[in-house]
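Below is one structure; the comments refer to it alone.
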Amino acid sequence: MKYQAVIGLEVHAELSTKSKIYCSCSTSFGAPINTHTCPVCTGMPGALPVLNKQVVHYAAKMGKATGCTVNQLCKADRKNYFYPDLPKAYQISQFDVPICENGEVFFYVDGEKKSCRLERIHFEEDAGKLLHDEIDGTVVDFNRCGVPLIEIVTKPIEGAGDRAPEIAGAYVRAIRDIVRALNISHARMEQGNMRADVNVSLRPSPDAPYGTRSETKNVNSFRGIEKTIQYEIRRQAARLDDGKEILQETRHWDEATQTTAGGRLKSDADDYRYFPDPDLVMLHITKEHIEEMKAQMPEMPRERRNRLKSEWGLSDLQMRDILN
Ligand code: ADP
Ligand code: ZN
Ligand code: MG
């Protein structure tokens with residue numbers, strides 16, 4: 001190939017806590033619309049958020065399982081934007097001081113060991129859901145508002161060549177397996193409780209600066225992630241061949257046409273006017289708590305794999321046939 005692809009993956013996983021991140025509303029799926037709501041998660045003036053401890057525990061466990069540093073101090077920031085499914089007009093997320101940073105996730109592609117490095121893991125609240133209906137028009141369901149998510153962000157994945165789609169798919173499967181082993185998320189992509197934003201850019205050579213990326217939002221199947229990368233590499237290469245520039249934009253994957261379509265031009269972080277949420281204090285996680293968590297970690301998929309390999313004397317290729 002004439003161009004080198006650089007990939008970035010942002011995986012959102014819904015945490016399986018009983019209640020929401022900043023209020024005590026239920027997170028259970030499939031309730032009648034707008035029944036799991038209260039003044040906090042519908043953004044009523046004066047309502048105050050109270051952080052769910054379990055969210056912190058789950059996010060930190062994920063950090064421990066992926067070799068991240070769990071920061072003893074972190075904070076919650078407001079990410080401001082307007083959309084009808086976001087009643088406060090801001091999402092409580094984490095900006096410059098996330099709970100976890102600098103990890104690495106290992107996995108196998110065709111029996112060959114690979115890894116992706118992580119930039120960060122942070123926790124945030126989900127938005128509501130717009131339901132489009134021919135009779136009622138558009139209805140907004142706030143049940144999902146405030147359901148806790150973790151967002152797992154990779155560092156740019158370089159040098160994957162033709163195997164970029166495969167490697168991305170295997171990485172996201174590894175994330176699914178880890179969150180399930182930790183019992184912190186059901187990670188069912190078809191129910192939308194795990195979804196990925198797929199960033200792709202091209203550059204002429206491995207030592208050239210990164211090109212402009214497109215970001216395909218909310219891809220909710222492994223095939224979709226792989227196909228998005230394939231399609232974006234082809235689309236961007238064709239544009240570059242024609243001497244056209246790549247726009248920094250968000251796109252979406254269309255399963256029916258098996259293509260991505262342009263969305264909106266991407267805002268920079270500046271446009272979100274991130275600032276620390278004045279309703280929430282800095283979060284302090286004690287060393288003891290982190291140690292205690294480490295001691296409680298279950299056997300991770302990779303450890304189990306290594307154990308079975310040595311106990312049974314199997315090769316990587318044989319392991320692939322057993323586990324995949
Ligand atoms: P944003 O909030 O704008 O989506 P993030 O930094 O949270 O930005 O995530 C961007 C993702 O894309 C990360 O996984 C990052 O490693 C990756 N990335 C950054 N620059 C590029 C690029 N030029 N090409 C491909 N991926 C990139
Ligand atoms: Zn609520
Ligand atoms: Mg993003």
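In each ligand, atom 1 is the first atom listed, and ligand 1 is the first ligand listed. Since this is a predicted model, take the numbers as computed values, not measurements. Because only heavy atoms are used, hydrogens play no part in the values below, and waters and symmetry mates are left out as well, while side chains stay in.
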Report summary line: With rounding to 10 degrees, Cys41 SG, the Zn ion (ligand 2) and Cys38 SG define an angle of 110°

Quick one: does [X] get an N or O within less than 3.5 Å of an N or O on ligand 1?
X	value
Glu215	yes
Val200	no
Arg213	yes
Pro156	yes

Query raised in the report: So does Arg195 pair up with Asp126, basic N to acidic O under 4.0 Å?
Result: yes

Looking at [Y], I'd like to know if the NZ or CZ of [X] sits under 6.0 Å from its six-membered ring centre while staying within 45 degrees of the ring's axis.
X	Y	value
Arg173	Phe107	no
Arg188	Phe29	no
Lys79	Phe95	no

Proximal ligand 1 atoms for [X], defined as those under 4.0 Å from one of its heavy atoms:
X	result
Gly211	23 (N)
Gly8	12 (O), 14 (O), 17 (C), 26 (N)
Lys155	16 (O)

Query raised in the report: Under a 4.0 Å heavy-atom limit, does Leu9 contact ligand 1 with its side chain, its backbone, both, or neither?
Result: backbone

Query raised in the report: Mind checking whether the Zn ion (ligand 2) has an N, O or S of Cys25 under 2.8 Å?
Result: yes

Query raised in the report: Can you tell me if Cys23 has an N, O or S atom under 2.8 Å away from the Zn ion (ligand 2)?
Result: yes

Establish, from distance only, whether the side-chain atoms of [X] and [Y] form a donor-acceptor pair under 3.5 Å.
X	Y	value
Glu245	Thr212	no
Tyr3	Asp241	yes
Gln54	Thr17	no
Tyr272	Gln91	no

Query raised in the report: So, does Glu10 sit close enough to ligand 1 that a heavy atom of it is under 4.0 Å from the ligand?
Result: yes

Query raised in the report: Among Leu118, Thr154, Leu202, whose heavy atom sits nearest atom 16 (O) of ligand 1?
Result: Thr154

Report task. Apply the side-chain contact (heavy atoms from CB on, under 4.5 Å) test between Gln296 and each candidate in His57, Glu291, Lys64; give the one that qualifies. Result -> His57

